[in-house]
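Data first, discussion second: the structure below is written as structure tokens.
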Amino acid sequence: MKSIDHPYFGHLAVPSADETEVIWEGAAPLGSSQVAVWLWADPRSGLDTDELDAFATRLAHLPALDTAARAAIRENLQQDRYFIDHHADELDDAEVIKRLTRDANGEAIGVDAFTAAMHPIQIGLWHLIGEAKARIVVDYTLDAAISDQLLAVKTTGDGTVVSLDWES
């Protein structure tokens with residue numbers, strides 16, 4: 001299907017170029033903030049209503065996706081603190097690092113505190129792109145104004161975490 005009218009995303013059309021493109025941009029509420037959302041599509045694929053419905057469901061239940069993503073972040077940081085240590089060393093003048101350091105009372109910044117301080121800045125919905133199982137990518141940062149370092153949590157359409165990658 002080259003175009004579709006979807007109840008959540010509205011009118012969508014497959015990109016006409018030979019490259020994967022953003023076909024919809026919006027925002028989803030999470031707590032008291034909004035998270036940017038981009039829906040990507042491949043011109044070689046049609047539009048699948050079931051997958052679009054799954055994306056809409058995930059966005060409607062964004063707190064549950066956030067909880068699963070934060071659990072994956074927490075587990076990853078418990079196994080490897082380098083992301084925390086990098087931020088503590090490189091951004092020691094940043095208010096968020098000062099607060100986390102102060103709250104740690106002379107100990108290393110805690111994994112739970114660091115995870116809680118991170119927030120999602122964007123969500124990529126990857127519609128029928130290749131064979132990848134990851135269809136939803138949520139990018140978390142400590143503070144986008146002071147660092148371009150992200151933890152990208154990749155999930156299936158149903159919200160199951162499949163990987164977590166450090167990106168910049």
Next on the checklist: On a heavy-atom basis, which atom in Leu62 and which in Pro29 lie closest, and how many Å separate them?
Outcome noted: CD2-O, 3.7 Å
Next on the checklist: With no hydrogens and no angle check, just 3.5 Å: does a side-chain donor-acceptor pair link Glu21 and Trp40?
Outcome noted: no
Next on the checklist: To the nearest 0.5 Å, what is the distance between CZ on Phe55 and CD1 on Ile136?
Outcome noted: 5.5 Å
Item to check | Close side-chain approach of Val138 to Ile121, heavy-atom, < 4.5 Å | outcome: no
Item to check | Listed partners of Phe9 passing ring pair (Phe, Tyr, Trp, His ring centres under 6.0 Å), at least two apart | outcome: His6, Trp24
Next on the checklist: Go through it in stages, so that I can follow the logic: the residues are Leu151 and Met118, the test is side chain to side chain contact (heavy atoms under 4.5 Å, CB included), and I'd like the CA-CA distance, side-chain angles, deciding distance and then a yes or no.
Outcome noted: CA-CA 9 Å; Leu151 289 179; Met118 296 190 75; 4.0 Å; yes
Atom pairs and distances, side-chain donor-acceptor, residues 82-98, under 3.5 Å, sequence neighbours left out:
unit_1: Asp85; atom_1: OD1; unit_2: Arg81; atom_2: NH2; d: 3.3
unit_1: His87; atom_1: ND1; unit_2: Phe83; atom_2: O; d: 2.8
unit_1: His87; atom_1: NE2; unit_2: Ser147; atom_2: OG; d: 3.4

Item to check | Within one Ile-Leu-Val-Met-Phe-Trp-Tyr cluster: Leu100 and Leu150, side-chain cutoff 4.5 Å | outcome: no
Item to check | Side chains of Asp139 and Pro120 in contact at under 4.5 Å (non-hydrogen atoms) | outcome: no
Checklist outcome for this item: Tightest non-hydrogen contact, residues Arg99 and Ala117, listed as NH2-CB, 3.9 Å
Next on the checklist: Does His61 form a side chain to side chain contact (heavy atoms under 4.5 Å, CB included) with Thr57? I'd like the steps, not just the answer.
Outcome noted: CA-CA 6 Å; His61 298 96; Thr57 298; 3.7 Å; yes
Checklist outcome for this item: Rounded to the nearest 0.5 angstrom, the CG-CG distance for Leu39 and Leu125 is 5.5 Å
Next on the checklist: Taking the side chain as everything from C-beta on, heavy atoms only, tell me whether Pro15 gets closer than 4.5 Å to Thr20.
Outcome noted: no
Checklist outcome for this item: Residue pairs meeting salt bridge (Lys or Arg N to Asp or Glu O under 4.0 Å), one or both in residues 108-120, sequence neighbours left out, come to Arg74-Asp112
Item to check | With Asp48 via side-chain contact (heavy atoms from CB on, under 4.5 Å) - residues at least two apart | outcome: Asp50, Glu51, His127, Leu128
Checklist entry - Is any side-chain heavy atom of Thr49 less than 4.5 Å from a side-chain heavy atom of Ile4? => result yes
Checklist entry - Quick one: CZ on Arg58 to CZ on Arg135, what's the gap to the nearest 0.5 Å? => result 14.5 Å
Checklist outcome for this item: Of all heavy-atom pairs linking Glu25 and Val22, the shortest is CG-CG1, 3.6 Å
Checklist outcome for this item: Distance col, row Thr67:OG1 vs Leu65:CG, nearest 0.5 angstrom, shows 8.5 Å
Next on the checklist: Is it the case that the side chain of Asp158 and the backbone of Thr160 share a donor-acceptor pair, with hydrogens and angles ignored and the cut-off at 3.5 Å?
Outcome noted: yes
Next on the checklist: Test side chain to side chain contact (heavy atoms under 4.5 Å, CB included) on Asp53 and Tyr8; report intermediate values, then the result.
Outcome noted: CA-CA 8 Å; Asp53 290 346; Tyr8 186 94; over 6 Å; no
Item to check | Taking every non-hydrogen atom, the tightest pair across Ala41 and Ile23 | outcome: CB-CD1, 3.7 Å
Next on the checklist: Applying side chain to side chain donor-acceptor pair (under 3.5 Å), can you list everything that pairs with Asp66, at least two apart in sequence or on another chain?
Outcome noted: Arg70, Tyr140
Next on the checklist: With a 4.5 Å cut-off on side-chain heavy atoms, are Val137 and Val153 touching?
Outcome noted: no
Next on the checklist: So, using side-chain contact (heavy atoms from CB on, under 4.5 Å) as the criterion, who are the partners of Asn76 when residues are at least two apart?
Outcome noted: Leu164
Item to check | Evaluation steps, side chain to side chain contact (heavy atoms under 4.5 Å, CB included), between His11 and Ser3 | outcome: CA-CA 7 Å; His11 183 75; Ser3 68; 3.8 Å; yes
Next on the checklist: Would you say Val111 ends up clustered with Val161 if hydrophobic residues are merged whenever their side chains have heavy atoms under 4.5 Å apart, either directly or through other cluster members?
Outcome noted: yes
Checklist entry - In Å and rounded to the nearest 0.5 Å, what is the CD1 to OG1 distance from Ile146 to Thr141? => result 7.5 Å
Next on the checklist: Would you compute the distance between atom CG of Leu47 and atom CG of Leu52 and round it to the nearest 0.5 angstrom?
Outcome noted: 6.0 Å
Checklist entry - Is the number of heavy atoms from other residues, nucleotides or ligands under 6.0 Å of Glu19 CD greater than 12? => result no
